[in-house]
Participant: 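After the structure tokens below, expect a handful of questions from me.
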Amino acid sequence: MSFNHQTIEKKWQQYWESNNTFKTTEDDTKEHFYALDMFPYPSGQGLHVGHPEGYTATDIISRMKRAQGYNVLHPMGWDAFGLPAEQYALDTGNDPAEFTEKNIQTFKRQIKSLGFSYDWDKEINTTDPDYYKWTQWIFTKLVEKDLAYVAEVPVNWCPALGTVLANEEVIDGKSERGGHPVYRKPMKQWMLKITAYADRLLDDLEEVDWPEHIKDMQRNWIGKSEGAEVTFNVKDSDQSFSVFTTRPDTLFGATYAVLAPESKLVDAITSPEQKEAVEAYRVEADKKSDLERTDLNKDKSGVFTGAYAVNPMTNEDMPIWIADYVLASYGTGSIMAVPAHDERDYEFAQKYDLEIRSVVDGAEPEKEAYTGDGVHINSDFINGLEKEAAIEKICDYLEKEDIGERKITYRLRDWLFARQRYWGEPIPVIHWEDGTSTVVAEEDLPVTLPMTDEIKPSGTGESPLANIHDWVNVVDEKTGMKGKRDTNTMPQWAGSSWYFLRFIDPKNDTQLADPEKLKKWLPVDLYIGGAEHAVLHLLYARFWHKFLYDLAIVPTKEPFQKLYNQGMILGENNEKMSKSKGNVVNPDDVVEKFGADTLRVYEMFMGPLDAAIAWSEDGLEGSRKFLDRVWRLFIDEDGKVRDRITTFNDKSLEVVYHQTVKKVTEDYDNLQFNTGISQLMVFTNAAYKADGLPLEYVKGFIQMLAPIAPHLGEELWSRITGSQESVSYESWPVFDETKLVTDEVEVVFQVNGKLRARSLASKSISKDELEQMALNHEKMLEHLEGKTIRKVIVVPGKLVNVVAN
RNA sequence: GCGCACGUGGCGGAAUGGUAGACGCGCCAGCUUGAGGGGCUGGUGGGGCGAUGCCCCGUGGAAGUUCGAGUCUUCUCGUGCGCACCA
């Protein structure tokens, strides 16, 4: 007989709820552990089987930590602002808040059906004004500290839809919806100066326990590069421009210069003869989106401006070109071209027949650009030096002569923080009729989204809020001055950049969170989520956290001590699950048919947590069979506890039990749930063969199973122990190191590294005795016959290797 | 193109430089059952032979370090992820 998952899962979920089993404890005599999931966007699709993978992992850790005597904070909430709700509102005229609420209820029901031990009193929702009051508050602090500013930035403007589109809504230069043309249009936008934190975001990666490849992705994204900025004068003009280069040592080889087409300087220096060509090129470049510009990078193009710069080293003329392979947004938006030693410059110089001058020995300028190190030539006072020394010497010179300086630049850009949308946190700023702008005072926060039945494009590129006149127009009560609210809203990243702080104190209405509580819980001890957030979300959250650290609001430099990325669960055909491929597995169906415990066990057993693995219905059934097997081990056909469970211990399970406690505990700690479960199976198999099952071991086993299969764990615990209490707070089993090994161990004997014989030996046997055993073993004698023993390697308790020839 | 990760049975996957393939799926056999399903027990990398034991081969491929390599090093092929004219 097997257990009825529907009955027991419902029973225990109700028990946990009515007994507040997972209410967060804050007992100062205990240590604190904060286990966090990346909170989901509650989409209309409902929960995906990928969600419970990470959630189960943090849930197992949370349950184990509670049993090990920690205060555990394990919360769940909703990252509920976002485009789909807005789109739904545009399509149907309904309130996105209602739609969002409905989706949240679906998600919550699904998540609850999986038996996670969340403390639902800590639930937060980014669209709740009590929450986004503090998102807005953080923004006002950023403005006060000059880390938020307004800039003109091009957006994807679609006149036909009367709205601005996100990059992902633009496909091949057309709007995803309707296929209308999209243009780049400059608009005033709020930006956050994340670049001010670039160095700290880079350096403090050393302090956190994250997968190395995620750290690398962040390092690459920040993209720090060291070099020099050099000023070039324009010939026969009082104009000059600066370039950034990582290779100032190749300055003597700079034979032309290139400006980004957008550069303002172009207007001032272009010669009359070239004006037409330059203008034509700029129009072309302007039409291309960033994506197209990089996409069509095979063939470089550019136009000569007719002007020349002067190489400060050689005093020779360098033609100034414009080309879109130079990006306005990186460095100074202009470069010195050293075609002999830069592949891009080389390609461009070849195409337009520009001079290629070698300044590092080893180059073959007729064949390809040489970017490696070497002895400098044709370079006056740095001749004979290698790269590093040459860079030092030339930087000293540039600084002494005041024509340049050492400089560090970053690939990281400031964070575009405004969206022309309705469904987001309103930016809490008022623009007054006298031309000034102010942030909304703390006591007037939150600036709530107005209720409206008319969410539709403004037609101007502003957000739909621009049309809601009652909301937009404000009058200062004291001065009577009129003003308009900023109609931009924040990106979805805003609410998720600090939510882990609010979970600590979600109902505080006087501050973001109680500093005492923040001190106890931070940093997050374990943070699990998808790798798709490896860069942006984690970088933004770290940026805000550091900013709040500078304001002395949070006590730690970094928010997330340990990070782990769960892998993707693929469809049975090994492809990403998608509706169109028809390979989507709905967790509701699995829970109904096999039970939540089975789903949890299966997702943890299918392989390493971070691997991408295909779903398998057979594997799922196997997990259910394991749980049935455990059930039958303890419960008989009539539903009674088996009388094999006894207080008498014949020691036959002693070793395997202690091994199991050790391995399972360590594997859970290391998030290696697949091998932890396999050890539980090993114990189960051994228990089937034992005559009696010592109660102590049975209890310990159930405790170790319970974090993964909590409903079954509770049911077995209550039946076997007769306890009225949840298994959750029973103290975690411990192992006895002295009982881990049998007295007799199997050792192997090798000849020249090849396995030739096995034998049983006492684990305490001496090296010499073991060696003698090996040399006298019948099999070994056969293999050693006629050979001279050169060397014998003995590894006690393991093996003997005889080297002979 | 650059960076990172990963290649192990029919499948998912285990292996502090020390018995390769734990555990599970699948498959085979025995027992249980009227049958099927389910369960319990055992077997299951490939090849060979004088077969109840023994030999050879085997972790994408090639070389190297080592008494000993799935594990370390170099090269190479393949797959996945990230970035992509970043000067």
Side-chain angles (χ1 to χ4, degrees), chain A residues 1-2 211-221 223-225 227 243-248 250 254 258 291 293-300 323-327 329-338 341-345 347-348 371 409-413 531-532 534-535 565 567-568 574 601-602 605-608 610-623 625-626 628-629 632 663 672 674-682 684-685 688-689 746-758 779 782 790-795 797-804:
Chain A
M1 233 188 67
S2 69
E212 205 49 44
H213 71 277
I214 301 292
K215 289 189 187 183
D216 276 338
M217 280 167 69
Q218 293 224 341
R219 290 187 189 111
N220 291 338
W221 192 263
K224 181 176 184 170
S225 56
V243 305
F244 174 71
T245 175
T246 55
R247 294 294 302 275
T250 60
V258 187
L291 203 72
R293 270 173 72 162
T294 56
D295 225 31
L296 302 169
N297 70 20
K298 299 280 183 289
D299 194 22
K300 291 193 173 39
D324 64 6
Y325 83 91
V326 172
L327 307 175
S329 52
Y330 183 75
T332 60
S334 31
I335 63 156
M336 66 176 205
V338 186
H341 305 291
D342 181 283
E343 281 161 22
R344 297 152 301 183
D345 297 342
E347 197 186 317
F348 193 79
T371 57
T409 60
Y410 301 91
R411 204 191 74 107
L412 180 71
R413 304 295 151 75
E532 65 272 24
V535 177
N565 292 113
M568 207 181 336
N574 241 301
V601 169
Y602 174 60
F605 186 61
M606 58 198 300
D610 60 356
I613 300 172
W615 185 262
S616 155
E617 196 76 6
D618 285 343
L620 180 66
E621 280 178 31
S623 295
K625 281 187 191 173
F626 166 60
D628 281 335
R629 190 164 151 86
R632 281 192 310 269
K663 180 150 178 68
Q672 290 163 346
N674 56 331
T675 52
I677 293 169
S678 96
Q679 185 62 38
L680 292 174
M681 291 172 171
V682 168
T684 306
N685 291 343
Y688 260 83
K689 291 175 186 104
E746 195 182 34
V747 291
V748 298
F749 301 145
Q750 300 175 323
V751 175
N752 295 332
K754 283 193 178 172
L755 177 71
R756 293 303 178 192
R758 302 157 194 273
K779 277 268 136 49
E782 271 177 44
R790 303 289 177 190
K791 196 172 176 182
V792 181
I793 290 114
V794 184
V795 183
K798 285 264 175 167
L799 60 78
V800 177
N801 186 16
V802 181
V803 185

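To find a chain, count down the sequence lines: A is the first, B the second, and so on, and within it residues start at 1.
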Participant: Working to the nearest 0.5 Å, report the span between CZ of A/Arg413 and OH of A/Tyr330.
Facilitator: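 One gets 8.5 Å once the value is rounded to the nearest 0.5 Å.
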Participant: If I pick the C1' atom on B/rG78 and the same atom on B/rA84, what distance separates them, to the nearest angstrom?
Facilitator: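 Rounded to whole Å, the distance is 22 Å.
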Participant: Strictly by modelled atom types, are A/Thr684 and A/Arg629 linked by a side-chain donor-acceptor pair under 3.5 Å?
Facilitator: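 Checked: A/Thr684/A/Arg629 side chains show no N/O donor-acceptor pair below 3.5 Å.
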Participant: Among the nucleotides B/rC23, B/rC25, B/rU16, which one has an atom lying closest to any side-chain atom of A/Asp618?
Facilitator: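 In terms of side-chain proximity for A/Asp618, the closest of B/rC23, B/rC25, B/rU16 is B/rC25.
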Participant: Rounding to an integer number of angstrom, what distance separates B/rA15 and B/rU52 when you compare their C1' atoms?
Facilitator: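 About 30 Å, rounded to a whole number of Å.
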Participant: NA contact type, A/Pro608, heavy-atom cut-off 4.0 Å: base, sugar-phosphate, or nothing?
Facilitator: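 If one applies the 4.0 Å heavy-atom cut-off, A/Pro608 turns out to touch the sugar-phosphate alone, with no base involved.
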Participant: Contact class for A/Phe626 (heavy atom, under 4.0 Å): base, sugar-phosphate, or nothing?
Facilitator: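 No contact.
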Participant: OP1 or OP2 of B/rA22 less than 4.0 angstrom from a side-chain nitrogen or oxygen of A/Asn674, does that happen here?
Facilitator: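 No, because none of the side-chain N or O atoms of A/Asn674 sits under 4.0 Å from OP1 or OP2 of B/rA22.
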Participant: Considering only the P atoms, how many Å lie between B/rC54 and B/rC4, rounded to the nearest integer?
Facilitator: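 Between the two P atoms, the distance is 48 Å.
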Participant: Can you see which heavy atom on A/Asn801 is nearest to which on A/Gly753, and at what distance?
Facilitator: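 Heavy-atom minimum between the residues: OD1-N, 2.9 Å.
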Participant: Rounding to an integer number of Å, can you tell me how far A/Trp615 CH2 sits from B/rC11 C1'?
Facilitator: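 To the nearest whole Å, that distance equals 16 Å.
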Participant: Are A/Arg629 and B/rC40 close enough that a side-chain N or O sits under 4.0 Å from OP1 or OP2?
Facilitator: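 Yes, because at least one side-chain N or O of A/Arg629 sits under 4.0 Å from OP1 or OP2 of B/rC40.
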Participant: From CE of A/Met568 over to P of B/rG82, roughly how many Å is that when rounded to an integer?
Facilitator: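 Value for this atom pair: 8 Å.
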Participant: Using 0.5 Å steps for rounding, measure from the NZ atom of A/Lys224 to the OH atom of A/Tyr410.
Facilitator: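 Those atoms lie 4.5 Å apart.
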Participant: Taking the side chain from A/Gln218 and the backbone from A/Ala534, do they hold a donor-acceptor pair closer than 3.5 Å?
Facilitator: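 It does hold such a pair.
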Participant: Could you run down the sub-3.5 Å N/O contacts of the protein with nucleotides 51-55 of chain B?
Facilitator:
from: B/rC54; atom 1: OP1; to: A/Lys779; atom 2: NZ; distance (Å): 2.8
from: B/rC55; atom 1: OP1; to: A/His783; atom 2: NE2; distance (Å): 3.0

Participant: Between B/rG13 and B/rG45, how far apart are the two C1' atoms, rounded to whole Å?
Facilitator: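 Per the computed distance, 15 Å lies between those C1' atoms.
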Participant: Quick check on B/rG9: syn or anti? Syn means the glycosidic torsion is within 90 degrees of zero.
Facilitator: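 Judged by the O4'-C1' to base torsion, B/rG9 sits in syn, the angle falling within 90° of 0.
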Participant: For atom C1', what is the distance between B/rG10 and B/rC27, given to the nearest Å?
Facilitator: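 Taking atom C1' in both B/rG10 and B/rC27, they lie 9 Å apart.
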Participant: So which protein N/O to nucleotides 65-71 of chain B N/O distances come out below 3.5 Å?
Facilitator:
from: B/rC67; atom 1: O2'; to: A/Asn801; atom 2: ND2; distance (Å): 3.4
from: B/rC67; atom 1: O2; to: A/Asn801; atom 2: ND2; distance (Å): 2.6

Participant: To the nearest angstrom, how far is A/Asn220 atom CG from B/rA5 atom P?
Facilitator: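 Taking atom P of B/rA5 as the reference, CG of A/Asn220 is at 12 Å.
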Participant: From CZ of A/Phe605 over to P of B/rA22, roughly how many Å is that when rounded to an integer?
Facilitator: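 Those two atoms, CZ and P, are 12 Å apart.
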Participant: Could you give the distance separating B/rG17 and B/rU65 at their C1' atoms, to the nearest angstrom?
Facilitator: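 Comparing C1' positions in B/rU65 and B/rG17 gives a spacing of 12 Å.
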Participant: A/Glu621 or A/Ala612: which one's nearest nucleotide on RNA chain B is closer to the 5' end?
Facilitator: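 Nearer the 5' end of the strand: A/Ala612.
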Participant: Using 30° and 60° as the class limits, which term best fits the ring planes of A/Tyr602 and A/Trp615: parallel, tilted or perpendicular?
Facilitator: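 It falls in the perpendicular class, over 60°.
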Participant: Applying a 4.0 Å non-hydrogen cut-off, can you work out what A/Thr246 is touching in the nucleic acid: base, sugar-phosphate, or nothing?
Facilitator: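 Since only primed, P, OP1 and OP2 atoms lie under 4.0 Å of A/Thr246, the category is sugar-phosphate.
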Participant: Would you indicate, yes or no, if B/rA87 has its OP1 or OP2 atom less than 4.0 angstrom from a side-chain nitrogen or oxygen of A/Tyr325?
Facilitator: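 Negative; the distance criterion is not met.
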Participant: Return the nearest nucleotide to the side chain of A/Ile613; candidates are B/rC23, B/rC57, B/rG12.
Facilitator: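 It is B/rG12.
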Participant: Roughly how many Å is it from NZ in A/Lys663 to C1' in B/rU16, rounded to a whole number?
Facilitator: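 After rounding, the reported distance stands at 12 Å.
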Participant: Looking only at the side chain of A/Lys689 (C-beta and beyond, no hydrogens), which of the listed nucleotides B/rG26, B/rA22, B/rG42 gets closest?
Facilitator: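 From the listed options, B/rG42 comes nearest.
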Participant: Look through every strand shown and name the nucleotide pairing with B/rC2 as Watson-Crick or G-U wobble, where both distances are under 3.5 Å.
Facilitator: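 In the structure as shown, B/rC2 has B/rG82 as its Watson-Crick or wobble partner.
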Participant: Across all strands shown, which nucleotide pairs with B/rC31 by Watson-Crick or G-U wobble geometry, both distances under 3.5 Å?
Facilitator: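 In the structure as shown, B/rC31 has B/rG39 as its Watson-Crick or wobble partner.
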Participant: Using the side-chain heavy atoms of A/Thr675, tell me which of these nucleotides is nearest: B/rC25, B/rA15, B/rA87.
Facilitator: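 Nearest listed nucleotide: B/rA15.
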Participant: Does B/rU73 sit syn or anti, given that only angles within 90° of 0 count as syn?
Facilitator: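 Glycosidic conformation of B/rU73: anti.
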Participant: Could you measure the distance from the CZ atom of A/Arg219 to the NE2 atom of A/His213? Nearest 0.5 Å is fine.
Facilitator: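 With rounding to 0.5 Å, CZ (A/Arg219) is 12.5 Å from NE2 (A/His213).
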Participant: Any side-chain N or O of A/Ser225 below 4.0 angstrom from OP1/OP2 of B/rA87?
Facilitator: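 Yes, because at least one side-chain N or O of A/Ser225 sits under 4.0 Å from OP1 or OP2 of B/rA87.
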Participant: Pick one for B/rA51: is it syn, with its angle within 90° of 0, or anti?
Facilitator: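 The base of B/rA51 is oriented syn (glycosidic angle within 90° of 0).
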Participant: Is a side-chain donor or acceptor of A/Asp610 paired with a backbone partner of A/Asn565 at a separation under 3.5 angstrom?
Facilitator: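 No, the answer is negative, given that no donor and acceptor are paired below the 3.5 Å cut-off.
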Participant: Now, which nucleotide makes the Watson-Crick or G-U wobble pair with B/rG9, with each of the two distances under 3.5 Å?
Facilitator: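 WC or wobble partner does not exist here.
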Participant: Could you check A/Leu799 against A/Ala611 and say which one's nearest nucleotide on RNA chain B is further toward the 5' end?
Facilitator: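 Result of the comparison: A/Ala611.
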Participant: For the NE2 atom of A/His341 and the OG1 atom of A/Thr371, what is their distance to the nearest 0.5 Å?
Facilitator: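 Going from NE2 on A/His341 over to OG1 on A/Thr371, the span is 10.0 Å.
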Participant: Measure the distance from OH on A/Tyr688 to C1' on B/rG39 and round it to the nearest whole Å.
Facilitator: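 A/Tyr688 atom OH is separated from B/rG39 atom C1' by 9 Å.
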Participant: If you count heavy atoms of other groups shown closer than 6.0 angstrom to CD of A/Glu343, is the number above 12?
Facilitator: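 Counting other residues, nucleotides and ligands, CD of A/Glu343 stays at 12 neighbours or fewer.
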Participant: What is the base-pairing partner of B/rA22, counting Watson-Crick and G-U wobble geometry with both distances under 3.5 Å?
Facilitator: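 B/rA22 is paired with nothing.
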Participant: With the side chain counted from C-beta on, respond yes when A/Phe749 and A/Lys779 share a heavy-atom pair under 4.5 Å apart, and no when they do not.
Facilitator: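 SC-SC contact between A/Phe749 and A/Lys779 ruled out.
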Participant: Give none if B/rA51 has no partner; otherwise give the nucleotide forming a Watson-Crick or G-U wobble pair with it, both distances under 3.5 Å.
Facilitator: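 Checking every strand shown, B/rA51 finds no partner, since no pair has both distances under 3.5 Å.
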Participant: Using both distances under 3.5 Å as the test, list the Watson-Crick or G-U wobble partner of B/rG45, or none.
Facilitator: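 Paired with B/rG45, as far as the under-3.5 Å criterion goes, is B/rC57.
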Participant: Of all the choices, B/rG18, B/rC4, B/rG26, which nucleotide is nearest to the side chain of A/Lys625 once you look at every atom?
Facilitator: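 Looking only at side-chain atoms, A/Lys625 lies closest to B/rG26.
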Participant: Hunt down the Watson-Crick or G-U wobble partner of B/rG64, both distances under 3.5 Å, from any strand shown, or write none.
Facilitator: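 The answer is B/rC72, by the H-bond criterion.
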Participant: Which nucleotide, B/rA87, B/rC85, B/rG24, lies nearest any side-chain atom of A/Asn685?
Facilitator: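 Of all the options, the side chain of A/Asn685 is nearest to B/rG24.
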Participant: Please classify the nucleic acid contact of A/Gly622 as base, sugar-phosphate, or nothing, using heavy-atom distances under 4.0 Å.
Facilitator: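 Result for A/Gly622 = sugar-phosphate.
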Participant: So how far is it from A/Asp342 CG to A/Glu347 CD, rounded to the nearest 0.5 Å?
Facilitator: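 If I round to the nearest 0.5 Å, the distance is 10.0 Å.
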Participant: With rounding to the closest Å, how many angstrom separate the C1' atoms on B/rG46 and B/rU8?
Facilitator: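 To the nearest whole Å, 14 Å.
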Participant: Verify side-chain hydrogen bond (donor to acceptor under 3.5 Å, both in side chains) between A/Arg632 and A/Ser2, making sure each step is shown before the conclusion.
Facilitator: CA-CA 7 Å; A/Arg632 281 192 310 269; A/Ser2 69; over 6 Å; no
Participant: Side-chain contact test, heavy atoms from C-beta onward, threshold under 4.5 Å: evaluate it for A/Val326 versus A/Ile335 and give yes or no.
Facilitator: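 Side chain of A/Val326 against side chain of A/Ile335, heavy atoms only: contact under 4.5 Å found.
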Participant: Within this structure, what is the CZ-to-P distance between A/Arg219 and B/rC4, rounded to whole angstrom?
Facilitator: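 So the two atoms are 11 Å apart, to the nearest Å.
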Participant: A/Met336 has an atom CE; how far is it from atom P of B/rA87, in whole Å?
Facilitator: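 Atom-to-atom, A/Met336 to B/rA87, this comes out as 12 Å.
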Participant: Which value, in whole Å, describes the distance between the P atoms of nucleotides B/rC72 and B/rU41?
Facilitator: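 B/rC72 and B/rU41 have their P atoms separated by 38 Å.
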